[in-house]
**Student:** 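Submitted below is the structure of interest, expressed as structure tokens.
Because the structure is a prediction, the values reported are computed rather than measured. Proteins come first, then strands; the chains are lettered A, B, ... in the order of their sequence lines, and each starts at number 1.
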Amino acid sequence: MSDHYDAIEDSVRSTLSTSPDPTSGAEAFDRRAWRELNELGFTALALPGELGGSDGDLRDAAAACRAAPLAALPLTEANFLAVPALTDAGVSWPGGVVTAASAPELVWKEIDGGPALCGRIQRVPWLRNADHLVVILPHGSSARVAIVATAEPGLTVVRGTNLAGEPRDEAILRTVRPSATAELPETWSLDRVAQYGAVARAVQIAAAAAETLTLAAQHTTSRIQFGRTLSKFQSVQHQLAQLAADVVTLRVAADAAVNSLLDGRQADLLAAVAKIESSVLARRVSSTAHQLHGAIGFTNEHRLGAYTTRMWSWREEYGNETRWERYVADLVTAQGDDVWALLTDLNTATRTDAHT
Amino acid sequence: MSVTLPALESFLPHVTDLRADVRAFLDRKIEEGRFVPDSDAWLSGIDPDFSRELAEHGWVGMTIPTCYGGGARSDLERFVVTEELLAAGAPVAAHWIADRQMAPGILRNGTEDQKREYLPGIARGERYFGIGMSEPDAGSDLAATRTRAIETAEGWRVSGTKLWTSGAHIATNLVLLARTDTSDDRHGGLSQFVVDLPHPDIHINPIVTIDGGHHFNEVVFDDALLPTTALLGGRGDGWRQVTQELGNERSGPERILSTFPLLRAWARTDSVQTDTAARAVLGRLVSRTAVLRQLSMAVANELAAGRNPGVEAAMVKDLGTVFEGEVVEAIRAHAGVEPDSSGGEFSTLLAQSILHTPAFTLRGGTNEILRSIVAKAVL
């Protein structure tokens, strides 16, 4: 199976290989790449074919996002936020450039016999470039999904960006007619949306971290100081080892979370774990990589900063470590304060699934 | 460098049942007062009766083939049992090394006679091994081993001193690394032996650690005669064999969970329920445990597949043992309890954990050595 994921990664990398370098200062949004990825079926990988998707699963989506940490397009929002909601709601892919957001403050109204949406949505990725916005909003104890065409009158975009310059715009909706709506099953809530978003960012941080390791290894084996390459210094070697171990940890945490979302086993724990680890390790990974690069690494002409500024932004998005740490503490409480029962998904005090 | 994630086979019904059985047994033993959960009990909790009792349940030497008295169980099943024993802080030190690395080592490198001689006793929880690797002048630099084994007509004559041999005073056997031949390559000329104890010319002297405990020993070989058959594996293959063993030694759950009993106990204290800062710390520690378990399982998978994930094992041990210390430090800072080995249950556990912390990142190869191994793979 790893060949299958390698093929997805290779294909996405190849598509992005002609994209402007993030250090070039070119226009941010990569419309060409979106169009090509869309034609290749990579923008809605896990969506069923009859809804206009590629019939893949979330592991395929993770592979695509892993190959695109610097891509200037809402690939993760489409694959990790829009697709799961549309799949469970049975709503077809709207086409064009699709972004998605959780919309806790959005108000649903029935006006003239049809639904209309009012309110604000904070920090929507790539909203200014999107043709369609998929929103998930509260509905009783569950949630519902709505698709809004961004050309619809009543929708105002207030521009914002994260540390890496990625658009994080505010959407202000004044009685906007959605083009499609559907209720989501009872298993949905905005927490679930946050979970998907958290795992998406964990996948991206793991990918960015891996790139910083590659850059650091290249730099330290070519840069000469005191008559030898930096990589000959033991203190440098140990920092590289630490970086490598963190990179592997991030990958394992992200993979475990993606798997858990797929099969439902320990998803509450493992999605939170992936975001906690990536939010926490973003600091150590970026500081180590910058230290190993010296001053060149924090200039605009070097790629390293493109990765680290993204990691510094992504660690806050969909909940930082503190938010998810508290969530995990609540999971411990729900297991009768038994940490081990939570970790092993086996509570012998309440066990009923022994032979299922 | 690649680490593949285990499929979620750890949730196969028979494995979950096994986990539940072991946990029920351990819960009962704790309730009966048979043992008190302790940090680092896999190294310092020496209790031969308990080891034998576990063996009666089939939980020692699990992966040894049935023809040598073992249970022919999968590596995954063994992994699950070791996790449960560690999480409960059970006194498993007597048989730990025999189970962890000598059973696989003898299976890999031993003669048929050695397998018949040693494996059934390991599976019965009656054979305990000490590791004769480190020496006074060969700590992290294991290739500096000076202990010599000279081949004679009667067998091997061994002279030298081994240090930091945990459990040697109760061990029935040692696995010895000694220089048998001269070699230009400093990794060459080393061989492994299985040594039967007690032995009239092998002297075992206790070394007491800062917690007042005794598991360390100095082992002096005073021209000790070993039978020809004591050689384990190939003559001159010692370095390769030891390196192989380190995969088993370095990546197991005991490099993550040594202080887990403290975390488990702390999570049940009142202060954690109400203090929001402490709750975030609890979430952090649980998260880190979860991801390190995933890593450890990934390496176990590699080992089970017959590969030698030396680099990944080194990573797990580096990250895991640093974390074991972080657990103690984070809990100490939030618990506000004075550690006292003669105090209440939590205070004793805290004291024991603090006093053992310096060992975590030293034993089984210092973390600096491990980072050098990892760096070599990166560069």
**Student:** When rounded to the nearest 0.5 angstrom, what is the spacing between OG1 in A:T249 and CZ in B:R288?
**Tutor:**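 CZ of B:R288 is found 5.5 Å from OG1 of A:T249.
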**Student:** Can you check side-chain contact (heavy atoms from CB on, under 4.5 Å) on B:L319 and A:D246, steps first, answer last?
**Tutor:** CA-CA 9 Å; B:L319 295 172; A:D246 288 344; 4.0 Å; yes
**Student:** Tell me, side chain or backbone of A:L342 under 4.5 Å from chain B's heavy atoms, or both, or neither?
**Tutor:**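 Answer is side chain: those atoms of A:L342 sit under 4.5 Å from chain B.
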**Student:** Please determine, among A:Q237, A:R323, A:Q234, the option with the most heavy-atom pairs under 4.5 Å with chain B.
**Tutor:**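 The candidate making the most pairs under 4.5 Å is A:Q237.
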**Student:** Could you state the interatomic distance from CZ (B:R19) to OG1 (A:T344), rounded to the nearest 0.5 Å?
**Tutor:**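 B:R19 atom CZ to A:T344 atom OG1 measures 5.0 Å (nearest 0.5 Å).
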**Student:** Indicate whether any N or O donor in one side chain lies under 3.5 Å from an N or O acceptor in the other, for B:Q273 and A:T333.
**Tutor:**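 There is no such pair between these side chains.
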**Student:** Rounded to the nearest 0.5 Å, what separation is found between the NZ atom of A:K232 and the CG atom of B:L379?
**Tutor:**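 Answer for the NZ-CG pair, A:K232 versus B:L379, is 8.5 Å.
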**Student:** Given that the side chain runs from C-beta out, which part of A:V236 has a heavy atom under 4.5 Å from chain B: side chain, backbone, both or neither?
**Tutor:**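 Contact with chain B is absent: no heavy atom of A:V236 under 4.5 Å.
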**Student:** Just verifying a value: how many Å separate B:S287 OG and A:L331 CG, rounded to the nearest 0.5 Å?
**Tutor:**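 Rounded to the nearest 0.5 Å, the OG-CG separation comes out at 11.0 Å.
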**Student:** How many angstroms lie between CG in B:L263 and CG in A:L343, if you round to the nearest 0.5 Å?
**Tutor:**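 The CG atom of A:L343 is 8.0 Å from CG of B:L263, to the nearest 0.5 Å.
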**Student:** Can you say whether A:Q218 sits under 4.5 Å from chain B via the side chain, the backbone, both, or neither, judging by heavy atoms?
**Tutor:**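 Neither part, no heavy atoms under 4.5 Å.
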**Student:** Can you give me the closest heavy-atom contact between B:A267 and A:V339, atom names plus distance?
**Tutor:**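 Heavy atoms only, the tightest pair is CB-CG2, 3.4 Å.
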**Student:** Tell me yes or no: between the side chains of A:W340 and B:E84, is some donor less than 3.5 Å from an acceptor?
**Tutor:**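 Judged by distance alone, the side chains do pair up.
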**Student:** Need one label for A:T220: side chain, backbone, both or neither, based on atoms under 4.5 Å from any heavy atom in chain B.
**Tutor:**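 A:T220 touches chain B through side-chain heavy atoms alone.
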**Student:** Side chain, backbone, both or neither: which part of A:L281 has a non-hydrogen atom closer than 4.5 Å to chain B?
**Tutor:**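 Contact with chain B is through the side chain of A:L281 alone.
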**Student:** Looking at every non-hydrogen atom in both residues, tell me the closest pair between B:T276 and A:R326 and how far apart they are.
**Tutor:**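 B:T276 and A:R326 have their closest heavy atoms at O-NE, 4.1 Å.
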**Student:** Which answer fits B:A290, side chain, backbone, both or neither, if we ask what part of it has an atom under 4.5 Å from a heavy atom of chain A?
**Tutor:**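 For B:A290, the contact with chain A is made by backbone and side chain together.
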**Student:** Hey, does the side chain of B:R371 reach the backbone of A:A241 with a donor-acceptor pair shorter than 3.5 angstrom?
**Tutor:**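 Judged by distance alone, no pair lies under 3.5 Å.
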**Student:** I'd like to know if the side chain of A:T322 pairs up with that of B:R284 as donor and acceptor (distance under 3.5 Å, no hydrogens or angles considered).
**Tutor:**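 Absent: no donor and acceptor within the cut-off.
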**Student:** Among A:L269, A:D330, A:L243, who wins on heavy-atom pairs under 4.5 Å with chain B?
**Tutor:**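 Highest number of heavy-atom pairs under 4.5 Å: A:D330.
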**Student:** Select one option (side chain, backbone, both, neither) describing which atoms of B:N367 are under 4.5 Å from chain A's heavy atoms.
**Tutor:**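 Contact with chain A is absent: no heavy atom of B:N367 under 4.5 Å.
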**Student:** Between B:R23 (side chain) and A:L346 (backbone), is there a donor-acceptor pair under 3.5 Å?
**Tutor:**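 A pair under 3.5 Å: yes.
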**Student:** How close do B:V374 and A:A244 get, heavy atom to heavy atom, and via which atoms?
**Tutor:**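 The pair with the smallest heavy-atom distance is CG1-CB, 4.1 Å.
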**Student:** At under 4.5 Å between heavy atoms, what parts of residues 252-261 of chain B are in contact with chain A? List them by residue number.
**Tutor:**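 So the qualifying residues are B:L257, B:F260.
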